[in-house]
Amino acid sequence: MASQGLDGGRPLNEVFTGRATRSLRRARIVDRFATGLMWAAALMLVAVLFAVIASLLIAGIPAFSPEFLFTPGTFTNPGIGPQIWCTFYVLFLTLLIVVPIGTGAAVYMSEYARPGKLTNIIRFSTESLASVPSIVYGVFGSIVFLVMMGLGYSILSGSLTLALLNLPLMVRVAEDAIRSVPGSYREASLALAGSKWETTRKVVLPAALPGLLTAIVLTAGRIIGETAPLILTMGTTISPNAYYSLNPLSTGETLAVHIWVIKIIGLPGVPNSQAAADGSAAVLLLMVLVINIFVAYFNTRLERRLRGAAPPPRAGGSKKVGT
Amino acid sequence: MSPQPITDSKQGVVLGQARTNGGMSQIEIEARDFNFFYDNGGFKALKDINLRMPRHQVTALIGPSGCGKSTFLRAINRMHDQTPGTVTQGELLFEGEDINRAEDLIVLRRKIGMIFQRPNPFPMSIFDNVAYGLRLEAQGVRKSEINDRVEQALRDAYLWDEVKDKLRHSGLALSGGQQQRLCIARAIAVKPEVLLMDEPCAALDPIATLAIEELINELVKNYTIVIVTHNMQQAARVSQYTAFFTTDDSRTGQLVEFGHTTDIFTNPKDSRTEDYITGRFG
């Protein structure tokens, strides 16, 4: 039923359904086409992501068993217990170095450094370092940590190398997170007679925490997935007397390196070593997923507590999937 | 200060009524030939400002956009130190001492609080917002005092009754007007001597604005208040003294006229003041 216009004249909806001009029609078609294109791109992304997750899990999960996940590999059992342990240990050691230094540098760059030549040089260096291939860091690490510092092939050498590799990314993302804290928070704190340090520690860093966690997650993902620099600095085996060891000077092998070893060399004597590789890949994927989901959950709760409301919906309204 | 609800307060609507506290009061803030530059002296924002703001009175800074009134306000607690390239000339005195010679900004800002144009509570609970200043090193407040001081500040800002049951809720969940009163509570919790207000009602609706204005009329008993406002009625309602700023062709701000609010609004000496307050320009 057509509603009447205010003047009681022609029906109101006729105003909007009058004949469209040619340019208007064209604009409408182009708009629909563009919307469809973006939608297709987003759909493709989701589809690829699901394909990756599904195929890895389907291939890998059949290999899962308590022996596989929790015991060392033997000639009959391709167990990856020590590799999982080593992965977490390297992750922990590397983050222990990267997070404080990266956050500190980011705070300096965003809060303390005055715009100028020096700041520009630091920023340019950071960006350049971020684009250096990881194998180059491996070579650097093997020169400096293995030979010059005499640490040899060790978990410590590997972690130090990974720390160098990941610092530029950490600094960059953390700096973005800190910069996105509204200036009005800083002004409010300074006006209350807060020192710069108090302002940074009590207002800026807590407000930047969700962004900082994102930076840590990105870094963690790269640490877990890195192979080339670790092969050059940490080795490719774990000696039986260093299984589940906390000794940072023993050699080590993360899951990612383990997959590489299986694919290139194979496990001596183990008939189904490809299944072990698939299983390791599935474990790696699950580790990354769990870390991401945990941090996303934590961030949402944090956001709700700080703002007293649900976080604003993500742009586009589509659900966040996986990583 | 009585914790009576603000809606009962009837005072403060008399045009430019000067508060009497023993003749011409003590001068709290004074500018002597004060000049201010941005861009390492490249842009002169304020020229030869001479101004004496009395203690425990409200002084309103009015004038067209870009006349330098906010720049002047922010010079009083040296917020400009945040901006590289700002330069001052002449004297800006607080209790007889030159603000720009103050070596320790923390000492200065302990005595001069500030309320900003947009309410800017921290992303913390209501309680933590008010306690923030009290917990700072510079304020030296004992932990055992904090609860009482927070409650007193919220009462003084007429916010206590609205928030007493949700002190642990986020300050950002309050309405705009409540957020601004939270910011005022946060500022007065540390007991400054001066409150600088940079268009504190610009982002608020008329009812929230009225609440803030009535609060200002209460606060002036204990604080020296300097308020920047674009709203002439507001200047007339809340202030005892008014300073009218304007700009010249080079966009440099200057003080045209300063005096009792009553005089500025009923009997301006300068034709530019008259044009502005009667709405002929600006």
Side-chain angles (χ1 to χ4, degrees), chain A residues 107-120 122-123 177-214 298-313, chain B residues 74 76-85 104-126 128-140 166 168-174 179 182-183 186-192 194-198:
Chain A
V107 166
Y108 173 78
M109 292 295 286
S110 61
E111 302 296 301
Y112 288 83
R114 295 249 155 172
K117 224 174 185 173
L118 181 68
T119 313
N120 288 341
I122 296 177
R123 186 163 292 124
I178 294 168
R179 271 186 200 282
S180 70
V181 174
S184 62
Y185 293 171
R186 297 182 180 85
E187 283 194 330
S189 172
L190 293 172
L192 283 163
S195 67
K196 187 139 196 159
W197 170 237
E198 283 172 318
T199 301
T200 302
R201 185 169 59 86
K202 296 184 167 189
V203 178
V204 176
L205 284 180
L209 191 56
L212 292 175
L213 285 174
T214 304
F298 181 79
N299 264 356
T300 311
R301 291 213 25 184
L302 189 72
E303 199 85 11
R304 197 169 295 158
R305 196 164 57 82
L306 296 180
R307 315 217 148 259
Chain B
R74 293 166 69 88
I76 298 173
N77 71 343
R78 302 243 323 244
M79 274 327 248
H80 293 301
D81 283 37
Q82 285 292 98
T83 319
D104 197 342
L105 288 183
I106 289 172
V107 176
L108 178 78
R109 287 172 181 160
R110 235 171 75 187
K111 296 185 174 175
I112 305 182
M114 190 162 198
I115 311 298
F116 296 85
Q117 187 168 350
R118 298 197 69 84
N120 56 354
F122 298 122
M124 306 171 183
S125 72
I126 291 167
D128 287 343
N129 261 283
V130 183
Y132 181 83
L134 300 168
R135 288 171 176 155
L136 291 173
E137 216 61 60
Q139 306 291 355
K166 46 179 181 179
R168 293 287 159 206
H169 291 215
S170 169
L172 294 172
L174 297 171
Q179 286 191 17
L182 178 63
C183 292
R186 183 175 66 185
I188 60 181
V190 297
K191 299 187 175 162
V194 177
L195 282 177
L196 306 175
M197 300 187 173
D198 190 359

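Labels below follow one simple rule: chain letters A, B, ... track the order of the sequence lines, proteins then strands, and each chain is numbered from 1.
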What heavy-atom pair brings L192(A) and A187(B) nearest, and what distance separates the two atoms?
CD2-CA, 4.0 Å
For I112(B), which atoms come within 4.5 Å of any heavy atom of chain A: side chain, backbone, both, or neither?
backbone
Could you state the interatomic distance from CZ (R186(B)) to CG (N120(B)), rounded to the nearest 0.5 Å?
5.0 Å
Shortest non-hydrogen contact between S110(A) and I178(A), atoms and distance:
OG-CG2, 3.1 Å
Against chain A, label M79(B) side chain, backbone, both or neither, depending on which of its atoms sit under 4.5 Å from a heavy atom there.
side chain
Listed by chain and number, what are the side chain to side chain donor-acceptor pair (under 3.5 Å) partners of N77(B), not counting sequence neighbours?
none
Part of P121(B) lying under 4.5 Å from any heavy atom of chain A
backbone
Contacts of type salt bridge (Lys or Arg N to Asp or Glu O under 4.0 Å), residue D81(B), not counting sequence neighbours:
R78(B)
Ring-plane angle category for Y132(B) and F122(B), please: parallel below 30°, perpendicular beyond 60°, tilted otherwise.
tilted
Of the backbone (N, CA, C, O) and the side chain (C-beta and beyond), which part of E137(B) lies under 4.5 Å from a heavy atom of chain A, both, or neither?
both
Check whether more than 12 heavy atoms from other residues, nucleotides or ligands sit under 6.0 Å from atom CZ of R135(B), and answer yes or no.
yes
Which residues in residues 200-210 of chain A have any heavy atom closer than 4.5 Å to a heavy atom of chain B?
K202(A), V203(A), A207(A)
Taking side chain to side chain contact (heavy atoms under 4.5 Å, CB included) as the test, write out the residues that go with S195(A), two or more places apart.
W197(A), E198(A), I106(B)
